[in-house]
Amino acid sequence: MPKPGHIIRQNVGASLSSILAVLRRVRTERTSVRERSRSVSKNFFLHMHSTRTHLYSLRPGFTLGLGFLSFSLFLILLCTGVLLMVYYVPSVEHAYGSVKDISTVVTGGRTIRNIHRWGAHGMVAVVVLHLARVLFTSAYTGTRRVNWMVGILLLCMTILFSFSGYLLPWDQLAFWAVTIASNIVASTRELTDLAGITAVVDPGGFVRRLLLGGDSVGQDALTRFYLLHVVILPITTIVLIGVHFWRIRKSDGLAIPAGGDDLVLKAQGIIDPVALEEAKLRREHTVLSWPTTLWAEGSVLLTALALLMLSAILVDAPLLAPADVSMPENPAKSPWYFLGVQELVSYSAFTGGVLVPLLLLVAVVAVPFVDREEKGAGSWFGGQQGKRVVIRSALVAFFLTIGIMTIAIGVGWQWTRNAPAVVALIANPGSFLATLYAIWSWWVLRSTSSTKMGVFALVSCCLIGGIIITIVGIWLRGPNWEFVW
Amino acid sequence: MVTEAQYMRWYRAAAGAAACSFLCLVGITILREERQNTWKDYQEAYRDTLTRRASSALQEQSAMEYPIEVRQISIPAIQRTDRCVSCHVGIEDARMRDLPLPYRSHSGILLAAHPPERFGCTVCHGGIGQSLDRNESCSADQPDQLHVPFVSLHAIESSCGRCHLAIFDTASVSMPTLLRGKLVFRREGCLGCHRVRGKGGSVGPDLTNEGSKSLRAFDFSRVSGPQTISNWMRRHFMDPGEVSPGSGMPGFALPNEELEPLIMVVRGLFSSSFPPEYLTLPLVKELKGVSAPVEGREGFALFCVACHGPEGRGREYATHQFGVPALANEDFQSVASDDYMLFTIIEGRGGRMMASWSSTVSHLQKQELRDIAGALRRWKSPFRPLASVRRAGSSRSEGEEVFGRTCAVCHGINGDGDLAKGISNADFLALASDRFLLETIVKGRSNTAMPAWGRLTDRELGSLLAFLRSLQTKPVQPESATRVQGDSVRGDSLYYSLCSRCHGRYGEGDLGPAILNGDFLAAATDGFLFGTIARGREHTPMFGWTSQARAGKKLIAADVNDVIAFMRTAPRPDFLPAGAGTGNPASGEKLFRELCAECHGEAGGGKKAPALHNQEFLGAATNGYLLATITLGRRGTPMPSWGTGSPRHRRLTASERKELVAFIRSWQTVVIRSDALR
């Protein structure tokens, strides 16, 4: 039995020599399989990877690198965030000034801040795209169900991250956006007021007070949001990311289509079915993770870095006038990922702000429970039928959403103004759209007799609808509604 | 299908490209930070200047070592961090006077009294001190950064107002433009509608913090010309309705040399959050609300002039949308009592343009309001003592003529009494001395129908006295200044049970004259009172209370003394009792509709004349006031004299006038208890 120290020295040596080998652009064939797999499995930072990766998983067109892109953005945000923490002061008297100093005086401060801000916006978008990718490749079936939940949790973390960070500059944009959002949270009162039980049960009000530490946005809110943003959320997210990656391992790597092996082998010219089976067993279609997968991931990270740097140079992060309680922004706009919600909220606070997002969340969490079909898992849209369903649903959602929004904005939704509150709660664009999407998905489900198709239909509708109302909220509201990123 | 080697190439290439571009971009960022930092260029150029201007080797050495770094002035006391000196490097170096901006030293002598390390730069110049970007820090038109407007140089004196401008303090400020502007501000009555530092009216917006409003707070949609704050104010002063539609502010057609300083003052109004050691003492007091009380005439100028005019001329009801009474009108001054004035000032006129100026609303102290009401009396004819009247000489026939045209309208021909008491009464004339008569005539009886006749000349007054004396039949009692001693508490119950039936519960007059009237009690000696109560007035319901003849209860001298003691110390109610002078309101209504509704409105709401159907007005105006106004009219206004008649209006008899008053009084539904009377 070799002594432990001998093993450690051997492994460190192995890692070092493989790193050096890679750096010297030594062709991979020269380094032994053992060394290459040890570089991954014996390395604390890299051992989350499996030592072998399926070739299919490396296809850029398959995953689009979105998962790792989210992680890269998270890392970049973490680093730039820590750097920002060196100068940022989370007090209402000094927050604005400290951010101003970072942008004007601190060497590189402007760049770091810009990277952080654009990275934050980017991360929200990329995480949603990653969810879409995972969904449309049905990578939530079987053992991946738990990971799907973890992913949804990470999505919530991302949005909370972005939301809590939004307040920190303490300028007019931040202050009023958070005021609006916190009031949307409290809009369950619409429902409880109708039932007359607000004095007893007021979940929205409770959450609002929990977030703000009081009844209005002030020092307590800033402290809590800062705490969320730099302590609670990072720790939780890092743990959840760990779980997320570990679950990928437990599901034998990224989802690949059932015919993935066949495709690989056919490309290599093996068409004989027996040879196919044997080849599958021999796992010839996987490659050692070191260094190919690492290069794939590294290129994603570096691309993310380069793109963020470019955006940091091109556009400066905004810093409006310091927060002034007596001068509300007119209009006050939430961050872009909430603007769709704000759009719906303008017709009914509860439906747009609480009900529809909750329904979305429930729908998205329920996807792996509704769709248990293993067929078609791992490939985009699970085949031609899926592609058709998605395109059709997208078109349906497109026209429905534009139609209803045109009516709502063009003609006006005044008819519920003098009606009892219940009517406004039930009959508003948000609930109409949700109902119509549900009806369409149900119809797809019945006509195709496939839960997967129903799920695809619903999610496509929600995605397209969400994009459209977000676009409306950002750009199409009229001259006074200039949106500041 | 792609092989591993292909993937490796792809991803290595992608990573390489990304890494290269990242490094390029980092390089670009570094270069940009170098290039775009114009402050570095300025400091380098300044260093060269210093080197060239060095007059010794030592200076040259230190000039070459001039550090290129961000410079700032940080003043936590006023929460400012000004980085202006990063570009404006030569600001404190007197040698740099001839250099162009930004190297030039500060102009003028102000920097000596306002050292930058204590004040910074943005305190006076505005702008974003923390910024190092020229557009942000000292440009006049940055849309995002307009919360701290950069003050253009022509308006720089307005910044002085932050520490130096005390509006209510009479001491002058040392800045010439602010001084001129302050005089204009105090002269034009701006605070009649606007409030500054707690004092003033609430018709228009509060101007306390007008100077810190950013450009964004002004609506420029109807302002032509340069889109600056000064220009907005200029246009607004000239035509407020054009710039702010719906505004009730009148236009101020001031010449330029008054308008520009006024704009400077308005832009210099700040409710400073600076520590008190930065502010002048009058300003500190003002911001705390403990400035010296406003004196009467100044108060009138500050608060009332915008509506009532500097000469008290008011605005004609016939030609203006909102008429304003002429306070300087001679008839008004002679008929309105001090109570009336103060009541109106404190209570206002509900539903009309005259706001309430009570302390809770205007934050003016009661004494200040009293002073302002007193200042209105400068338009009233002054009191003349008996000595000066005697010197003017007299003539009985002249007196008779004066009486006929002035007094007979109420007191009847020969003074036998008509609307007012008969003054030819023998007992009255026996007790009334010349001094008593003169005081009554010249001062009037406040809150009764007897106006103040100060407009009569000394000779006319003397002649009147001579005429009245000629009506005398009983010998005159000599006047004595002895005061009686009595028990006022007993006197109170005696008064209540015996006198109030005719003289009114509060002595305001009913069947009998107003005897708890301040003017009356000031004019009448105790002897006069004793004589009147004890012996009565022949041929009138006032019988002698000490005689057996008709007195149900005989009073002895001590009782009379008690009553007199009570009268001298009787407390006044906190409202104005209506007093004597009413008749049948139904007939009054007919008369009103026929004669008065044309100007005063069908329901007395006021059309081309003041509103009479107004609770505050009816609370301030006693029946005597109404009677006197109707009888005398207001010369100089369309209100005719109904007592003497005129070519266009017939003469109203005494009972007709009383019926009118009764009808007007019938509109009163509440009794307003006012602080003015406490």
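Since the model is a prediction, treat every value here as computed from it, not as a measurement. Order of the sequence lines sets the chain letters (A, B, ...), proteins ahead of strands, with each chain counted from 1.
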Q | Inter-residue atom distance A:Thr53.OG1 - B:Tyr7.OH, 0.5 Å rounding | A | 11.5 Å
Q | chain B contact via A:Gln172 - which portion, at a heavy-atom distance below 4.5 Å | A | side chain
Q. More than 12 heavy atoms of other residues, nucleotides or ligands under 6.0 Å from CD of B:Gln79: is that the case?
A. no
Q | Largest heavy-atom contact set with chain B, pairs under 4.5 Å, which of A:Leu307, A:Thr303, A:Leu305 | A | A:Leu305
Q. Relative to chain B, which of A:Gly298, A:Gly108, A:Ala304 shows the most heavy atom pairs under 4.5 Å?
A. A:Gly108
Q. Do B:Trp10 and A:Ser299 have side chains that get closer than 4.5 Å, going by heavy atoms?
A. no
Q: State whether the side chain of B:Gln130 and the backbone N or O of A:Lys100 hold a donor-acceptor pair below 3.5 Å, judged by distance alone.
A: no
Q: Look at atom OH of B:Tyr278 and say whether more than 12 heavy atoms of other residues, nucleotides or ligands are closer to it than 6.0 Å.
A: yes
Q. When you measure from the side chain of B:Arg12 to the backbone N and O of A:Trp295, does any donor-acceptor pair fall under 3.5 Å?
A. no
Q) When only pairs under 4.5 Å are counted, which of B:Ala13, B:Ala19, B:Ala18 shares the most heavy-atom pairs with chain A? A) B:Ala18
Q: Enter the distance from A:Ile313:CD1 to B:Leu25:CG here, rounded to the nearest 0.5 Å.
A: 4.5 Å
Q) Quick one: are A:Pro291 and B:Tyr11 in side-chain contact, heavy atoms under 4.5 Å? A) no
Q | Non-hydrogen side-chain atoms of A:Thr104 and B:Asp133 separated by less than 4.5 Å | A | no
(Q) If I measure from the heavy atoms of chain A, does B:Glu33 come under 4.5 Å with its side chain, its backbone, both, or neither? (A) side chain
Q. If you round to the nearest 0.5 Å, how far is CZ of B:Phe22 from CG of A:Leu301?
A. 9.5 Å
Q. Is any side-chain heavy atom of A:Arg110 closer than 4.5 Å to a side-chain heavy atom of B:Thr29?
A. no
Q) Does a side-chain N-to-carboxylate-O contact under 4.0 Å join B:Arg83 and A:Asp101? A) yes
Q | Rounded distance [0.5 Å steps], OG1 in A:Thr111 versus CZ in B:Arg32 | A | 6.0 Å
